[in-house]
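What follows is a single structure, written as structure tokens, with notes after it.
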Amino acid sequence: MAYHFIHSKQLVMEPVPGSPWAEEMVLNPAIIADKKNGRIHMLFRATGPYPEKQLPGKPLPYPIFLGYAYSDDNGKTWTKDMSQPALAPNLNYEIKDIYINNIHGQKTVNYANGCVEDPRLFYLEDKCYVIVACRMLPPGPYWVHDEPTQCAPDWIKTEANPFGKAASENLTSNVLYQVELDRLVKRDYANAFHYVTHLTDAQYGDNRDVMLFPEKLVIHGKPQYICLHRPKTPHLYPKIKNTSLPSMMICSAETPETLWQETETQTLLAAPLFDWEGDRIGASAPPIRISEKEWLLSYHGKKDDITGYTQSFMILEEQADGLPIVKHRCSERLIIADQPWEMPNKFSTPCVFITGLIRLVDTLMISYGAADEKVGIAKIDYQPLLDYVRQFDALGRKNHCRGK
């Protein structure tokens, strides 16, 4: 490994035996530092068997939930609430019940009805948000048999289905929630999350690793929301012609509610280039601003099921009248599994998966899922990391670009 990260010597969180919602897996934590008091809030993904929502003749469902934890000592220790999920899917099977009132009080399709997973927390215009990868219906034991519709009701394959591929194939959509951190602290979970909108369209295929920049940027003379995402089938988008591999895309819109509609603005940001990215790449945690025009972005690559998921970094640069582009891209894997508790277990594929990144003065704190089962924290000195990534150009050639 070319660069040294200080991993958790002990895992931060693991499955809880006997918990109906966190017995099987606890992973992929998002983190955010509270602007009021510095407390670090965490939302983590968890799952467990849920027999009360099993349909006749279908496998046992494993809905995916978000749990809550916090740290008041910069991540050294964590207080976890394992008594109940912070955000749970509604788990309705009747078509008429798969709807929700959004933050504006309007009735809309609930794309988070079946599961909420892989959260990314961020501030935008002084409000806290989380983006969650969601399915309309709960998955089954996906680590044994990854067939998204195995627990779904039969109507998804009929003309009665009004939701398209979001139901018929149970493809991943992504949902934006506004989060009230004060209510999380009080365990007032029922009132802590407000459904804003879905951000991706399942008709273009499965889509994950969706996140917004924590600031609007001026694009073509107008303030725009900037969205990163990683479609499984990027070639289905009108402007993406030069890759069929899951890749990072970027787009913009004047409102979050129209981001999923703006297919013509979808632009390829980065496709796999290096051996360890051979199967896919995607953004990992929301980008953080590092200069007037630059952003640091953590990202992951997967080569195959043997090498698994590992992590690196790139620096994006804002353009005078267009979307940000890659300026520096580290061609080396900078964070990989190296602790005994990070090694594969239920899944044979190695996996270190970042879902949170915050700056604590001179240090970056990174939260990640390990082996798709556990939660860890890594830390690294901020400036040396930037200096190292700047040694690579946009195509990952080392020492080709120097200076800041």
Side-chain angles (χ1 to χ4, degrees), residues 5-14 16 22 26-46 65-87 116-132 177-189 192-193 211-215 283-290 296-298 311 313 335 339 341-342 352-370 374-383 385:
F5 284 76
I6 303 173
H7 290 233
S8 308
K9 297 303 179 184
Q10 295 180 340
L11 58 90
V12 171
M13 210 176 301
E14 61 184 330
V16 180
V26 174
L27 65 153
N28 292 7
I31 52 175
I32 196 165
D34 200 312
K35 290 185 176 182
K36 295 179 180 178
N37 53 27
R39 169 174 285 178
I40 298 174
H41 302 272
M42 175 189 286
L43 292 173
F44 57 88
R45 166 182 163 179
F65 306 85
L66 297 188
Y68 174 65
Y70 69 86
S71 173
D72 286 327
D73 56 10
N74 287 339
K76 294 178 183 177
T77 60
W78 294 88
T79 300
K80 311 146 195 171
D81 181 12
M82 306 305 294
S83 66
Q84 60 181 316
L87 182 61
V116 288
E117 55 186 290
D118 298 352
R120 272 83 175 199
L121 281 163
F122 60 99
Y123 283 108
L124 181 57
E125 297 179 326
D126 291 325
K127 295 179 180 178
C128 181
Y129 294 90
V130 65
I131 294 174
V132 193
Y177 288 88
Q178 187 177 323
V179 185
E180 295 188 46
L181 296 177
D182 290 345
R183 292 187 183 274
L184 281 183
V185 172
K186 296 174 182 177
R187 308 297 195 265
D188 182 14
Y189 299 140
F193 297 89
M211 55 206 74
L212 292 180
F213 276 58
E215 298 176 21
S284 294
I288 61 173
R289 181 175 286 284
I290 58 175
L296 178 68
L297 180 67
S298 57
Q311 303 280 334
F313 291 84
I335 181 167
Q339 300 295 316
W341 61 268
E342 295 173 332
V352 170
F353 202 83
I354 294 172
T355 40
L357 177 67
I358 58 177
R359 182 181 175 185
L360 303 172
V361 190
D362 296 327
T363 303
L364 290 176
M365 176 186 291
I366 298 163
S367 59
Y368 63 96
K374 301 168 185 176
V375 166
I377 295 290
K379 293 184 178 179
I380 188 171
D381 291 336
Y382 171 73
Q383 192 59 51
L385 174 65

Heavy-atom closest pair (Ala283 atom, Met211 atom, distance to 0.1 Å) is O-CE, 3.5 Å

### Query
Are Val179 and Leu87 close enough that some pair of their side-chain heavy atoms sits under 4.5 Å apart?
no

NE2 (His41) and CD1 (Ile31) are apart, to the nearest 0.5 Å, by 11.5 Å

* **Plane angle bin for Phe193 and Tyr177 - parallel if under 30°, tilted between 30 and 60°, otherwise perpendicular** => perpendicular

Notebook entry, point to check: Is there a donor-acceptor pair under 3.5 Å between the side chain of Lys80 and the backbone N or O of Gly67?
Noted result: no

- prompt: Is there a donor-acceptor pair closer than 3.5 Å between any side-chain N or O of Tyr123 and the backbone N or O of Lys35?
  reply: yes

Report task. Report yes or no: does Glu342 contribute a side-chain atom to a donor-acceptor pair with the main-chain N or O of Val352 at less than 3.5 Å? Result -> no

Exercise. Look at the side chain of Arg120 and the backbone N and O of Ser284, then say whether any donor-acceptor pair between them is shorter than 3.5 Å.
Key: yes

* Please state whether the rings of Tyr68 and Tyr189 are parallel, tilted or perpendicular, taking 30° and 60° as the class boundaries. => perpendicular

Less than 3.5 Å apart, any donor N or O on the side chain of Tyr70 or Asp34 sitting next to an acceptor on the other? no

key: Thr355 side chain vs Tyr368 backbone, donor-acceptor pair below 3.5 Å   = no

- Query: Okay, side chain of Asp81, backbone of Ser83: is any donor-acceptor separation there less than 3.5 Å?
  - Reply: yes

